[in-house]
Number of protein chains: 2
Amino acid sequence: MPVTLKDIARRVGKSVPTVSRALGNHADISPETRAEVQRVARELGYEPSAIALNLRRRRAGAVSLISPAHAQVRFSDPFFAEFLNGVVEAVAEQHIDLLVTAGAEEDVEALYLKQIRSRRTDGFIVVRTQRNDNRIHLLREQGVPFVAYGRTEENNDFCFVDEDGTAGIALVVDHLASLGHRRIAYISEPLFLTKAYHRMLGFRQGLERNHLSFHPELFVETHFRQRSGRQAAAYLLDLPQPPTAIVAANDLLALGAMHEAQSRGLTVGRDVSITGFDDIPLTEYVHPALTTVHLPAQEFGRRVAQMLLKLIDKAPLEERQFIYRPSLVVRGSSGPAPI
Amino acid sequence: MPVTLKDIARRVGKSVPTVSRALGNHADISPETRAEVQRVARELGYEPSAIALNLRRRRAGAVSLISPAHAQVRFSDPFFAEFLNGVVEAVAEQHIDLLVTAGAEEDVEALYLKQIRSRRTDGFIVVRTQRNDNRIHLLREQGVPFVAYGRTEENNDFCFVDEDGTAGIALVVDHLASLGHRRIAYISEPLFLTKAYHRMLGFRQGLERNHLSFHPELFVETHFRQRSGRQAAAYLLDLPQPPTAIVAANDLLALGAMHEAQSRGLTVGRDVSITGFDDIPLTEYVHPALTTVHLPAQEFGRRVAQMLLKLIDKAPLEERQFIYRPSLVVRGSSGPAPI
DNA sequence: AATATAAACTAAATCGATTTAGATGTCAAG
DNA sequence: CTTGACATCTAAATCGATTTAGTTTATATT
C-alpha cells in the first residue's frame, strides 16, 4: 500500500492540508510541526502520487514520441536510436516522463488526437516529418506544444531542429566530382519525407554546380533499409553503363549497396565509390569504412527535447528553429574514379 | 480547453453521474438520454481524462522501462532497439503507455523506488540483468509486477524471458571446431551481466566437448561496443601465436574485430574466422556476412511486454518463464582453419 | 479590559472521473 | 386509494493531492 498524505496526517495527529503545507515549507506551519511531519514522511518513504498531482495541476508530466507508422524500421534505425538516446536523457534530467508509442498504420492522427484529448501528454516530439505533414497540421490546429525533427514544405512557423540535407549531399557530390567521377548515381529514400526531398535537391544541386548532367536512369527512389540499398545497387550495377559512384541518401542504404557491390567482387573505393549520410556509429567499423555526412544524432534528440520542455513551461526560447550544417567525413569507401 | 463530463452534462441538462453512466452503457439510463449524451459526447470530441481515470482506478495505465546506467549504448545497441520495437508494439496494442527512462549512473534503484512510490507505473520491464541484480531484489521486495529479459544467478523465481546463451555459444564452438580450428579466442562482454556469463560458459563448454583446451591468453573480457571489439582483436592478433578463430560475445564486438582484421589486410573467413551473437539486422549486410547466432529480438520484446501486461491484470500466465534455444546462422565470416 | 494582530491550524472546494446509496415519479396490483 | 415495484435520475463520497478562505488561540496594543 502506498503512503499518502492521509497516512502521515493520521500519524502526526494533524490535518491533511497541514501535512501538505508542512512538506511544501509554507510559512504558516510551526517549526515543530514541520520537522515532525517531514520526519514521519521520510520514515514512511512518502512520495506524492504523480497522478493526483497531475490531476490537480492539469498537466500530464510527460511528453510523447509517436513512432510513425510508415517507418518499418522504428527504433532499429540506428540514427533514430541515437536520437532517442538524446531525447531520453534530456527529458530524464527534467524529471519528465517520456511516452513512447507506435502509430498504427491506419491513422496516426487519431492516435495523436486521442492522446491530446485524454490529456496523457503535455507535448509531442514529431519525427520523420513529411513534406505535407498532417500531424503538424493537427497539432497546430489543436494548439498543443510540439517540436519537430525536420521541416515541412509549407508553413514552417513552428519549432524544429533540422539538418541542411541539401548542403550535405551537395558536399558529397563535390567530393566525388573532385575525384573525377562523372556518372554518379543516387539512391533516395521515399520522397514524401522532407529530409529525403532536401537531400535529393542537394544531389541535383551538386551535379549542377559541378557541371554534370542528371541521368534519370541513375536515380532510384526506394525505402529505408539495407535491403533496398542492395536492390537499388543491383539495378544500378546492371545498367549497360553503370555509375562509377553511388550516393546513398543514408548510411543503411549505403551499406546495402556496398554489400551488393562486394558480393559482385567489386572493391568499394576503387572499382566503385559509395557514400552514405548520417554517420551512424557503424560506418566507421565496416570495411572499407564509409564516406558519409556527419550528423550529431544524439545532440539533435537533446535539442528537440529541451526545446519542447521550454515550450511547455512557456519559458523563453533563444531559438525556435535550428538548422545544422553537416560536414563531410571522408573514409575508404570513396576513391578516384576508375578510368 | 479539453472537454469534460461536466461540459456534456451542462449541454444535455443532466447531472454528471448520469452522463458518466450513459457513456458507460449502464442499465439505469433511458434510451433517449443515453443516445443524446452519446451524441453530444461525440460532437464535442469527448475523451475521458486519462489522469482522472487513473487516479480513480489507482492504476498508472503505464509500464516502465528504465535503460540501465552501465549501458553506454542504451538504445543504439541494435539488439536492444529491436527488442524495444517489440515492446512498444505489444504495449500499444493494449492501449497502455510505455514510459522510457534513463537511469542515472549513481543509483538506479532510487529511480525505481521513486517511480514505484509516486505510482507512475504499473510494472517494470527489466533489461540487461546482472548476476546479482539489485533491481530485481528491490522489485521483489516491493511486490511490484515486473518481467525481466534475462535471469540472475540466484533465486530465479520471477517472470522472465531469456535465451540459452550457453547452448548458443557452444554451437559456435562446435561449428569452428568442425572447421578445424584449434586456437579459438573469445571476446566477452562484462561478466557481471548474466547473459555475458552464460555465453562465456558456453565457450568453455564448447571447448571441452571438442577436446580443446582453454588458453587464458585467448580470453578477453571487455565492453559492449565495436571499439572494444576492435581493441580486443588487435590484442589477439598481436599475440605470438594468434588464434585462427575469434568468437565474439555479440555482433557489435564481432564487427569491431572484423574491422581490425580487415585493416591488417587479413581476409575474414579465410585467414581468420570471426563469429558474433544476436543476429542483428546488419550482420547480413557486412562483407563478408557474419556467422552468428540468431535471436528473435523483437519477439523477445513482445513476449516480455505481454507477460508483464498479464501479470498486472492478474490474468493467468501459461508460462512464467521462457528460455529460447538459439540456432546457428553460418555465413561468410567463418571458414576452414588455415594450415 | 477591549481590541487588533499574528501564528498555527483546519474545513471546504477543486481537479475529472466513477460508484454507492438514495430520491423522485409512474404505473400496476391489491 | 394505498402500496409496491420499477425506471430514471441525482447527491454525496472517493481517488490524493493543493489552495482559498476561514477559525481558533495566544499575544501585543491602546
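Lettering follows sequence order; numbering is per chain, from 1.
Ring centroids of A/Tyr149 and A/Phe83 are separated by less than 6.0 Å, placing the two rings close together. Residues A/Phe160 and A/Phe322 place their aromatic rings such that the two centres sit no closer than 6.0 Å.
Between B/Lys6 and C/dC15, a side-chain N or O to OP1/OP2 separation shorter than 4.0 Å is present. Put simply, A/Arg58 has no side-chain N or O that comes within less than 4.0 Å of OP1 or OP2 on C/dA17. Contact between the side-chain N/O atoms of A/Arg119 and the OP1/OP2 oxygens of C/dA17 is found at a separation under 4.0 Å. Between A/Thr4 and D/dC15 there is no side-chain N or O to OP1 or OP2 distance below 4.0 Å.
Whole-Å rounding puts the A/Leu53 CG to C/dT14 C1' distance at 14 Å. Atom CZ of B/Arg117 and atom C1' of D/dA17 are 18 Å apart (whole Å). Atom CG of A/Leu5 and atom P of D/dT18 are 6 Å apart (whole Å). If you measure from atom CZ of A/Arg34 to atom C1' of C/dA7, you get 12 Å, rounded to the nearest angstrom. Look at CG on B/Asn54: it is 19 Å from P on C/dC15, rounded to the nearest Å. One interatomic measurement links the two molecules: CD1 of B/Ile8 to C1' of D/dC9, which rounds to 17 Å at whole-angstrom precision. The CD1 atom of B/Ile29 sits 13 Å away from the C1' atom of C/dT18 (whole-angstrom rounding).
A salt bridge is absent between A/Glu109 and A/Arg135; no separation between the charged side-chain nitrogens and carboxylate oxygens falls under 4.0 Å. The pair B/Glu299-B/Arg302 fails the salt-bridge criterion, with no side-chain N (NZ, NE, NH1 or NH2) lying under 4.0 Å from an Asp/Glu carboxylate O. Under the 4.0 Å criterion applied to side-chain N and carboxylate O atoms, B/Lys310 and B/Glu318 are assigned as salt-bridge partners.
Nucleotides of DNA chain D nearest to B/Ala52 and B/Ser30 differ in position, and the one nearer the 5' end is that of B/Ser30. Summary of the strand contacts: B/Asp28 and B/Arg57 both lie near DNA chain D, and taking for each the nucleotide with the nearest heavy atom, the more 5' one is attributed to B/Asp28.
The side-chain tip of B/Lys195 points at the ring of B/Phe79 from less than 6.0 angstrom away and within 45° of straight on.
Side-chain proximity of A/Arg56 to C/dT18, C/dT19, D/dA17: nearest is D/dA17. The side chain of A/His26 lies closest to D/dT19 when the candidates are D/dT8, C/dT18, D/dT19.
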| request: Go through the steps for B/Arg10 and B/Asp7 under the test salt bridge (Lys or Arg N to Asp or Glu O under 4.0 Å), then give the verdict. | output: CA-CA 5 Å; B/Arg10 206 164 9 226; B/Asp7 301 322; 3.0 Å; yes
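Within the 4.0 angstrom heavy-atom criterion, base atoms lie near B/Leu55.
A/Ser76 and B/Asn85 are linked by a side-chain donor-acceptor pair at a separation below 3.5 angstrom, with hydrogens and angles left out of the test.
Interface residues of residues 14-25 of chain A facing DNA chain D, ordered by number: A/Val16, A/Pro17, A/Ser20, A/Arg21; criterion, heavy-atom separation under 4.0 Å.
Identified under the side-chain hydrogen bond (donor to acceptor under 3.5 Å, both in side chains) test for residues 44-63 of chain A, with sequence neighbours left out: A/Arg59-A/Asp122.
The C1' atoms of five pairs define one axis at each end of the helix from C/dA1-D/dT30 to C/dG30-D/dC1, and these two axes lie 80° apart (to 10°).
Looking at heavy atoms from C-beta onward, B/Leu139 lies in side-chain contact with B/Tyr112 at the 4.5 angstrom threshold.
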